[in-house]
Amino acid sequence: WDEPVIFELTTPGERGVLVSRPEPGVREAVGDVVADLPAGMRREKPAALPEMGQMRVLRHYLRLSQENLGADFNIDVGQGTCTMKYAPKVNETLISTPKLTELHPLQDQGDVQGILEIMWSLERAVAEISGMHSVSLHTSGGSTAIWTNIAMIRAYHEANGEGEQRDEVITTIFSHPSNAATAKAAGYKVITLYPDADGYPDAEALRAVIGPRTAAIMITNPEDTGIFNPRVKEWVDLAHSVGALASYDQANANGILGITRARDAGFDVCHFNLHKTFGTPHGCGGPGSGANAVSEALAPFLPGPVIVRDGDRFALDSDRPQSIGKVAPFYGVAPNLVRAYAWIMALGAEGIKAVAETAVLNNNYLMKKILEIPGASAPYATGRRRIEQVRYSWQELFEETGISSEEIGIRASDFGMHYWTSHHPYVVPQPFTLEPTESYSMAELDEYAAVLAEVAREARETPEVVRTAPHNQTVHHTHHDDLDDPERWAITWRAYQRKYFS
Amino acid sequence: WDEPVIFELTTPGERGVLVSRPEPGVREAVGDVVADLPAGMRREKPAALPEMGQMRVLRHYLRLSQENLGADFNIDVGQGTCTMKYAPKVNETLISTPKLTELHPLQDQGDVQGILEIMWSLERAVAEISGMHSVSLHTSGGSTAIWTNIAMIRAYHEANGEGEQRDEVITTIFSHPSNAATAKAAGYKVITLYPDADGYPDAEALRAVIGPRTAAIMITNPEDTGIFNPRVKEWVDLAHSVGALASYDQANANGILGITRARDAGFDVCHFNLHKTFGTPHGCGGPGSGANAVSEALAPFLPGPVIVRDGDRFALDSDRPQSIGKVAPFYGVAPNLVRAYAWIMALGAEGIKAVAETAVLNNNYLMKKILEIPGASAPYATGRRRIEQVRYSWQELFEETGISSEEIGIRASDFGMHYWTSHHPYVVPQPFTLEPTESYSMAELDEYAAVLAEVAREARETPEVVRTAPHNQTVHHTHHDDLDDPERWAITWRAYQRKYFS
Amino acid sequence: MTQPFVHPYLPNTAPDVKAAMLAAVGAASTDEFYADIPEGLRLDRPLDLPAPFVAEQDLVRHVDGLLGRNVSTRERLSFLGAGTYNHYVPAVVDEVINRSEFLTAYAGEPYEDHGRFQALFQYQSLMAELLNMDVVNVPTYDGFQATATSLSMAGRMSGRRGVIVASDVLPDKFSRVHDFVRTNLDLTVVPTVNGTADVAAVAALATEQTAAIWVETPSYSGAVETAIRQLADAAHAVGAVLVVGTDPVGYGVLTPPADQGADIVCGDIQSLGLHQWFGGAHAGFIAVHDDPRFVMEMPSRLFGLATTDVPGEVGFGDVAYDRTSFAHREDGKEWVGTAAALWGIAAGVYLALMGPQGMADLGETLLARTRYAQLQLSAIPGVALTDTALHLREFVVDFSAASVTAHAVVDTLRAQGIEPGVAVGEYELLVAVTEMTGQGDIDRLADAVASVVAASDTADTSTSNTEEKSA
Amino acid sequence: MTQPFVHPYLPNTAPDVKAAMLAAVGAASTDEFYADIPEGLRLDRPLDLPAPFVAEQDLVRHVDGLLGRNVSTRERLSFLGAGTYNHYVPAVVDEVINRSEFLTAYAGEPYEDHGRFQALFQYQSLMAELLNMDVVNVPTYDGFQATATSLSMAGRMSGRRGVIVASDVLPDKFSRVHDFVRTNLDLTVVPTVNGTADVAAVAALATEQTAAIWVETPSYSGAVETAIRQLADAAHAVGAVLVVGTDPVGYGVLTPPADQGADIVCGDIQSLGLHQWFGGAHAGFIAVHDDPRFVMEMPSRLFGLATTDVPGEVGFGDVAYDRTSFAHREDGKEWVGTAAALWGIAAGVYLALMGPQGMADLGETLLARTRYAQLQLSAIPGVALTDTALHLREFVVDFSAASVTAHAVVDTLRAQGIEPGVAVGEYELLVAVTEMTGQGDIDRLADAVASVVAASDTADTSTSNTEEKSA
């Protein structure tokens with residue numbers, strides 16, 4: 001397809017869907033409510049939305065869908081750190097009932113016992129998986145869950161009278177950037193540590209900066225390199241020794257489920273991304289879901305309300321004076337919570353551990369295949385196993401051919417593959433990160449590695465083919481320079497019309 | 001995608017879905033039921049089905065789906081006679097409830113009142129649209145509905161003691177072939193009439209063959225040429241005058257809904273294709289649904305059971321001694337019946353007439369566009385309006401360029417268009433049939449006509465481009481000769497393996 | 001109406017567009033297009049239909065309200081079968097067949113509709129592995145039609161009229177088959193013995209006028225025919241063919257009829273990934289060996305694999321299209337038309353998901369649960385099985401010794417939310433169990449039946465000797 | 001377990017494959033991969049989780065059973081709002097967002113994920129037309145976050161701490177905003193008068209320390225702020241900005257805030273094509289004019305249109321990516337992460353289906369039904385409206401004159417299958433009507449309320465003067 005932007009498809013007078021109109025009895029009682037609007041309150045010009053028959057709207061979006069590469073369609077190991085795993089179709093069937101879609105959060109609690117039980121059970125499962133005491137499922141994404149971690153930490157220190165004193169947060173460069181960003185947004189000074197020569201987080205560096213001003217350490221483990229910090233408990237103990245808290249970003253938990261737990265290493269608070277680790281679909285970038293798990297000491301600070309169980313009855317408890325309050329409307333992204341619950345219940349303890357072990361097996365198998373490609377390397381911790389992903393480098397290939405990792409990624413798309421070129425932080429040169437998860441078969445991993453090997457071959461033998469990619473996509477090479485120029489950027493169709501055609 | 005045949009994707013040991021297994025208590029009670037099978041009854045070798053993880057099965061079929069051109073994706077006017085109209089998505093939502101999917105036909109009638117009421121109401125609507133007395137919705141396709149027409153006619157004549165005497169059925173060449181084929185299958189000799197010079201069914205020819213041996217005339221009107229037989233009532237009267245019945249194939253009813261009715265012209269029996277005229281989706285070729293409508297005299301012969309209404313209660317009546325019996329399991333294709341009911345209720349009398357008028361407007365508009373293309377013509381009834389479709393001819397273009405209609409169709413697919421090349425009967429030379437229905441906008445009809453104009457231009461200017469098409473499809477020119485050779489045809493993967501690789 | 005009628009399904013009802021199109025074709029109104037329809041045939045009033053719900057939300061409320069009056073087998077505990085079965089449909093099956101690309105396609109050509117051709121070719125191929133035969137058709141309407149056509153094929157091939165019906169056949173199926181074939185074939189029913197074919201009687205009846213012996217397995221009562229080999233030999237001895245009507249759900253563990261001499265195997269695929277749909281989701285298969293005599297008698301479309309201009313690439317197309325009524329009208333084989341393709345795609349996805357182990361597990365589960373249900377019910381005093389044959393999924397219990405009618409059992413259990421089965425005689429009940437009815441469900445059924453019988457017992461204690469009738 | 005664990009979600013648990021992979025990497029078992037995890041941190045027991053349902057059919061039965069215990073607003077007559085609304089979702093919306101291509105994609109690049117970029121760019125553009133502003137973000141989590149971020153933007157731009165809260169704000173939203181901004185901003189609430197902003201009081205409070213005036217329309221009580229122009233003038237007079245939190249559902253007929261001087265317009269799009277989902281389907285929008293000062297403060301992704309190597313073709317990409325925390329960690333603007341993209345696509349489809357006329361019709365229906373409900377309820381002796389402001393969709397009724405508590409009304413009506421609204425005070429009930437609650441539904445509510453009040457009347461007849469409080 002070469003599907004136009006939807007505004008180009010308008011035909012005056014066409015209708016896509018009709019709306020229920022006021023009944024004659026209502027009209028008689030209320031008169032002309034639009035004409036009666038106060039001065040200046042009636043919209044003068046109709047909104048310039050397109051006018052289209054229903055089938056044309058449908059056709060437009062179905063064609064756009066076919067121009068999009070979902071995880072169901074490709075060997076989606078190239079979006080490293082994203083944990084692209086199978087989102088089971090049965091879970092979509094399960095949630096598509098009016099018993100969930102048409103449930104209002106303020107209904108009589110007697111009418112919502114099913115969803116409350118599911119949410120309560122999911123909290124308990126996350127508590128067991130993390131080793132923590134209490135869980136909240138309110139947040140609707142990973143980064144906002146990290147925000148919730150720091151918001152609870154802030155409230156905790158304030159409750160202890162140390163809110164003013166503790167104004168620093170320590171993180172590592174290979175922890176997700178949201179740890180740094182949310183801490184900053186919460187008012188903290190951020191200290192970022194870099195790895196030691198072997199790629200492990202530098203414990204000596206931590207020792208040098210931690211102290212009475214430290215509110216928390218906020219770290220990921222394994223980090224985005226796929227390297228597990230073996231001294232993590234030492235880090236946590238160090239934090240506790242100065243009165244700070246330890247916050248664990250479990251975005252990379254997929255390889256350690258059932259193997260090791262946050263609380264066992266002493267962490268006070270952690271979060272999971274249900275849309276990564278627990279198999280809810282990524283939805284083009286959300287809705288996600290975060291699960292915040294905390295120790296008993298931090299439980300009073302969890303967002304409210306919480307679900308309480310009394311025998312077979314479940315209820316919402318809002319009477320929690322130390323809570324940080326609401327972090328989102330109502331009680332979390334219900335469709336994702338049901339999906340995550342179903343995912344856990346389809347696998348059980350044995351299955352969840354098999355998820356981790358298979359993800360790690362896949363990762364180390366793929367690493368072997370990738371490192372066989374001339375020009376590819378895996379910086380840090382040479383020869384060591386990795387957990388669930390690896391941050392690789394094309395530096396050697398780049399030095400030899402001048403082809404960058406980004407160019408390789410664009411060319412890989414011609415083979416129907418994703419390849420993640422946006423590798424914050426830019427510490428590893430010419431980086432690429434592969435995370436095969438547990439969802440792809442050996443044959444598929446071989447196929448993915450073969451594509452990268454082929455592109456690397458092209459980079460050497462026919463570099464122009466790589467440099468001028470894409471050759472096989474809906475659109476051709478796009479001029480991204482305009483997107484940073486306020487005079488040229490066009491964030492909406494109306495702005496495009498104004499800037500480019502008037 | 002270049003998606004393999006599914007057998008090539010097998011990996012020993014993988015599982016796609018697990019099945020509920022006998023509980024320990026069951027095993028204890030029944031022992032090893034497989035080992036205990038009588039001699040020779042236990043399958044020796046497992047079925048050679050592929051072994052695949054769930055996500056890979058899904059990915060395979062999703063990719064195949066993207067290699068298929070549904071009506072939702074294209075301007076589907078090229079499958080003439082098929083009535084490719086919008087199948088509203090809301091109807092898919094409506095039927096996807098367990099209240100319908102998990103209903104068993106032999107449940108307590110008190111538990112199935114909703115579906116019975118819908119079916120009863122749909123029968124009444126079809127009766128009104130056809131002018132007939134009684135309706136059965138049991139058949140699951142158009143051709144089997146035509147079979148049911150002739151089966152009822154056969155039973156009627158038998159009941160009147162004329163079963164032996166009346167052994168001939170008369171049809172016309174531009175009526176759907178199933179009229180001839182079902183009559184033959186029911187034991188009748190088939191007489192086929194050809195059109196007069198103007199393309200109208202030849203009334204004089206009818207007069208010449210009709211008589212005491214005639215069981216029925218079975219005709220379509222408008223015929224597949226889009227031409228309405230203005231003397232249709234004369235035909236029906238003639239049939240009645242010799243004691244024969246008149247059966248109306250309403251496959252082409254889309255242009256005359258609310259305009260003229262079968263019973264008003266005197267027909268005794270007719271059928272509609274719900275998957276054509278009433279907006280149920282075509283499903284790659286079924287399930288369809290047929291509706292048989294009959295006069296009061298033929299009502300006792302309808303397939304059984306029928307739905308009867310008693311106040312607010314609906315029940316099934318099987319006590320019908322003259323019924324031809326079952327024509328299909330239970331009571332018809334329930335999902336399609338609900339869809340067709342919803343389609344009618346979304347439109348109402350005014351909307352249904354607008355469907356017909358719009359379909360006819362679209363058809364005559366498109367005819368104007370097509371006839372502007374050099375080399376295209378519309379044989380018969382020159383200058384007359386057509387109803388809902390037109391059978392065109394590329395004969396002039398073929399004579400000029402040697403490019404056949406079939407080659408044009410294959411090339412049209414490169415532009416994302418369907419184009420129906422299978423135009424039984426082969427009376428019109430180099431035929432193509434376009435039926436735009438009411439579902440496509442003027443802009444889309446213009447686009448379709450532009451594609452044919454472009455292909456016609458190519459046929460003149462760059463005929464090799466047309467002759468070597470497809471250029472833009474999943475597969476390349478396919479060798480169809482093998483498909484008619486018993487030594488080479490491969491109707492299953494196992495036959496292909498055996499014939500081509502052993 | 002004074003307002004113009006504009007409907008979301010009808011883009012060209014937009015007034016400006018409609019006017020432009022009329023102008024383009026030089027018509028004053030759409031009435032002109034109907035010039036060929038005589039005035040006397042024109043309907044001079046609006047159709048008398050209920051007021052529509054043009055706003056989608058109102059339509060949904062209306063239809064949902066009607067469907068909401070149904071109570072489904074999810075809300076009841078159901079042991080209903082008799083042709084439509086409550087098997088589990090994996091979510092992936094529904095996902096695939098509800099894809100717009102498949103749902104709304106029709107009859108496109110092998111290039112732009114490559115996916116449809118491949119999906120249906122795969123369906124044919126997967127069924128072929130399950131049945132161990134080389135040729136399977138694109139689905140026809142249902143198992144009734146598949147069987148009627150299979151017998152007709154036998155008649156056409158042999159020029160004979162005789163069909164010996166060896167098994168108990170579902171009455172509705174028999175009705176359909178009979179009305180379909182009666183012009184060309186004569187059906188002779190040989191009563192079964194202990195639930196299955198009376199092989200000696202059937203063999204004795206077979207003559208040079210016999211076109212086919214027709215076996216059903218599982219039969220109407222769920223009995224599995226174990227003497228197919230002998231029946232095939234009897235047919236072949238007189239130059240007839242053996243037609244086996246079956247449900248393929250058991251062939252993960254059971255020997256396929258082709259391995260026992262069947263010539264044509266046919267039936268319904270509703271068990272393979274289709275919901276119950278109030279009995280409205282059936283599709284018929286016909287399987288034969290790769291013998292042109294048989295293949296050329298099949299009326300349905302057959303999709304075949306073919307080579308293309310690119311070495312190693314495979315394409316698809318119609319095999320022997322000239323057989324069909326599309327090609328030759330009344331001179332084709334019966335007829336072909338829109339039948340049940342989407343259900344075939346569903347069954348293909350189902351078999352791909354299940355794989356050999358899944359079908360084997362399913363077969364075992366069905367055998368085990370069936371046997372368990374037989375044991376539990378026949379252990380109730382006054383309740384007996386009607387035969388000792390091997391059963392798959394269905395069986396008949398007899399309440400005559402308890403003097404309780406089957407209808408009484410049904411009525412009483414329905415009041416408890418249980419559909420115990422289909423009454424098939426005054427005292428006989430046809431009970432179906434599937435992988436969806438677990439041990440707990442079967443126990444609940446047995447307990448409920450035991451209560452009914454016990455209650456009757458109190459009134460009428462003449463239940464001696466009933467144990468002996470149990471298997 | 002002795003049997004190998006093979007799961008449909010985990011292809012490489014197939015024993016042969018697993019062994020081959022281990023061999024390829026030279027590992028004896030998967031344990032080797034965990035060498036970096038110290039023994040003391042290793043969990044030495046299985047997780048204590050409930051027994052799983054590995055057969056899909058058993059999982060479905062389990063989860064369906066749990067969800068089956070919910071009673072939805074289809075089965076109740078609901079007038080609940082307070083942040084989540086029962087609007088109609090056209091079927092096409094669900095069809096599109098449930099397409100696997102959209103549902104399972106994530107963060108691919110503009111080439112292979114062209115469809116996602118275009119769909120979200122179109123969402124931005126369609127919202128922009130409805131709001132009459134040039135810049136709209138890829139959705140953030142919800143309206144709470146959108147508002148918190150909008151106020152923070154005002155603070156960052158101005159370097160000031162003061163925010164004047166001019167309207168009644170949903171308490172949960174206020175909670176979220178407060179905890180989010182409290183390090184950087186001080187919120188000062190100015191009580192409303194007759195349901196809407198006290199313009200004079202707000203203007204009097206605005207100073208050089210004011211970063212923003214924050215208006216909510218419709219407010220917590222459903223009141224539409226009609227003095228946005230004056231509030232904008234008051235803000236601009238002191239160099240502050242006007243932040244308007246809103247629900248865009250009414251802008252088919254109501255003047256968009258941008259036309260009245262708003263600088264930042266933000267809110268939630270749940271009303272535009274998202275189901276209620278137990279309150280779990282929200283997404284936030286932030287709209288600004290095309291002014292780099294504002295744009296560069298937005299933390300969310302912004303998809304922009306760009307030219308390509310092919311003249312006339314348009315591609316898409318990230319606008320000003322350097323703003324984000326992806327690019328600059330703590331030096332980015334707040335943060336960006338997985339938020340609510342799919343809901344944005346849904347809202348885009350919704351607006352495309354509705355078109356200008358659909359949104360106008362919807363706005364009129366909402367205004368009319370709201371007014372009708374106000375009239376019907378306030379006509380009941382003892383029931384009064386709490387203000388005379390213009391309301392859209394929600395309003396508060398006061399039962400104090402009838403001496404009936406709001407909770408008593410709720411409890412009594414729930415017993416009749418009606419959720420009459422949210423109790424927001426001892427005697428105050430927040431009632432929401434939408435296009436889904438027709439005249440008959442509203443009449444049913446009014447009748448039920450009248451009965452409760454009348455019953456109370458019998459006990460306590462002091463209901464004089466209540467009529468005067470009605471609007």
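Note that the structure is predicted; figures quoted are calculated from it, not measured. Below, read A as the first sequence line, B as the second, and so on, with proteins coming before strands; counting in each chain starts at 1.
Within the 4.5 angstrom heavy-atom criterion, only side-chain atoms of D/V96, from C-beta onward, approach chain A. Contact annotation for D/A281: neither backbone nor side-chain heavy atoms come within less than 4.5 Å of a heavy atom of chain A. For D/E32, the parts sitting under 4.5 Å from any heavy atom of chain A are the backbone and the side chain alike. Only the side chain of A/T358 comes within less than 4.5 Å of a heavy atom in chain D; its backbone stays farther off. Heavy-atom distances place both the backbone and the side chain of D/L10 under 4.5 Å from chain A. Within the 4.5 angstrom heavy-atom criterion, atoms from both the backbone and the side chain of D/H114 approach chain A. Residue contact with chain D, scored on non-hydrogen atoms closer than 4.5 Å, involves the side chain of A/L37 exclusively. Contact annotation for D/R76: only side-chain heavy atoms (C-beta onward) come within less than 4.5 Å of a heavy atom of chain A. For A/V232, the part lying under 4.5 angstrom from a heavy atom of chain D is the side chain only. Heavy atoms of D/V422 lying under 4.5 Å from chain A belong exclusively to its side chain. Contacts between D/N184 and chain A at a heavy-atom distance below 4.5 Å involve the side chain alone, from C-beta outward. Both the backbone and the side chain of D/M354 come within contact range of chain A, with heavy atoms under 4.5 Å apart. Contact annotation for D/V295: only side-chain heavy atoms (C-beta onward) come within less than 4.5 Å of a heavy atom of chain A. The contact between D/E95 and chain A is made entirely by side chain atoms (from C-beta outward), counting heavy-atom distances below 4.5 Å. Neither the backbone nor the side chain of D/H178 comes within less than 4.5 Å of any heavy atom in chain A. D/P38 touches chain A through its side chain: at least one heavy atom from C-beta onward sits under 4.5 Å away, while N, CA, C and O do not. Contacts between A/Y61 and chain D at a heavy-atom distance below 4.5 Å involve backbone atoms as well as side-chain atoms. Using a 4.5 Å cut-off between heavy atoms, D/R99 touches chain A through its side chain atoms alone.
The minimum heavy-atom distance between A/H480 and D/G317, with the atom names listed, is CE1-CA, 4.2 Å. Scanning both residues, A/S441 and D/N12, for their nearest heavy atoms gives CA-OD1, 3.3 Å. Summarising the geometry of D/A341 relative to A/G283, their closest heavy-atom pair is CB-O, 3.8 Å, with the distance given to 0.1 Å. For the residue pair A/A354 and D/T13, the shortest heavy atom distance occurs at CB-CG2, 4.5 Å. The shortest non-hydrogen separation linking A/H479 to D/D309 is NE2-OD1, 2.8 Å. Summarising the geometry of A/L94 relative to D/L67, their closest heavy-atom pair is O-CD1, 3.5 Å, with the distance given to 0.1 Å.
Residues D/Y34 and A/T260 are not in side-chain contact: their nearest non-hydrogen atoms beyond the backbone lie 4.5 Å or more apart. The closest side-chain heavy-atom distance from A/H60 to D/Q122 is below 4.5 Å.
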> Between D/E313 and A/H476, is a side chain to side chain donor-acceptor pair (under 3.5 Å) present by the stated rule, with each step listed?
Replying inline: CA-CA 8 Å; D/E313 188 181 73; A/H476 300 83; 3.0 Å; yes

> Between D/V54 and A/E350, does a side chain to side chain contact (heavy atoms under 4.5 Å, CB included) hold up when you go through it step by step?
Replying inline: CA-CA 11 Å; D/V54 293; A/E350 186 180 14; over 6 Å; no

> Taking it one step at a time, do D/Y111 and A/H477 satisfy side chain to side chain contact (heavy atoms under 4.5 Å, CB included)?
Replying inline: CA-CA 8 Å; D/Y111 298 109; A/H477 180 76; 3.6 Å; yes

> Under the side chain to side chain contact (heavy atoms under 4.5 Å, CB included) criterion, do A/R494 and D/N132 qualify, and how do the steps go?
Replying inline: CA-CA 9 Å; A/R494 51 164 40 207; D/N132 221 5; 2.6 Å; yes

> After noting the C-alpha distance and the side-chain angles of A/H418 and D/E112, does the key distance pass the side chain to side chain donor-acceptor pair (under 3.5 Å) rule?
Replying inline: CA-CA 7 Å; A/H418 277 303; D/E112 72 272 18; 2.9 Å; yes

> For D/F278 and A/Y331, what are the C-alpha separation, side-chain angles and deciding distance, and is it a ring pair (Phe, Tyr, Trp, His ring centres under 6.0 Å)?
Replying inline: CA-CA 8 Å; D/F278 197 55; A/Y331 324 118; 5.4 Å; yes

> For D/L126 and A/F7, what are the C-alpha separation, side-chain angles and deciding distance, and is it a side chain to side chain contact (heavy atoms under 4.5 Å, CB included)?
Replying inline: CA-CA 9 Å; D/L126 291 159; A/F7 292 90; 3.7 Å; yes

>> Let's go through A/R385 and D/D36 carefully: what are the C-alpha distance in whole Å and the side-chain angles of both, what is the deciding distance for salt bridge (charged side-chain N to carboxylate O under 4.0 Å, His left out) to 0.1 Å, and is it a yes or a no?
In response: CA-CA 8 Å; A/R385 305 294 190 185; D/D36 272 345; over 6 Å; no

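Residue A/T97 holds its OG1 atom at 8.5 Å from CG of D/N70, rounded to the nearest 0.5 Å. How far OG1 of D/T73 is from CD of A/Q107: 6.0 Å, rounded to the nearest 0.5 Å.
Of the listed residues D/H275, D/M359, D/E330, the one with more heavy-atom pairs under 4.5 angstrom with chain A than any other is D/E330. Most heavy-atom pairs under 4.5 Å with chain A: of the set D/A283, D/G337, D/S175, D/G315, this distinction falls to D/S175. Between chain A and the residues D/V92, D/T183, D/L130, D/L80, the most heavy-atom pairs under 4.5 angstrom are made by D/L80. Interface summary for chain A: among D/V136, D/L66, D/D113, the most heavy-atom pairs under 4.5 angstrom belong to D/D113.
Under a 3.5 Å cut-off, the side chain of A/Q79 and the backbone N or O of D/A107 do form a donor-acceptor pair. Using a distance-only test at 3.5 Å, with no hydrogens or angles considered, a donor-acceptor pair links the side chain of D/T255 to the main chain of A/M41. Using modelled atom types, no side-chain atom of A/S65 and backbone atom of D/E101 make a donor-acceptor pair closer than 3.5 Å. Put simply, the side chain of A/T492 never gets that close to the backbone of D/Q124: no donor and acceptor are under 3.5 Å apart.
Residues that satisfy the side-chain contact (heavy atoms from CB on, under 4.5 Å) test with A/P329, not counting sequence neighbours, are D/D142, D/F144, D/H282.
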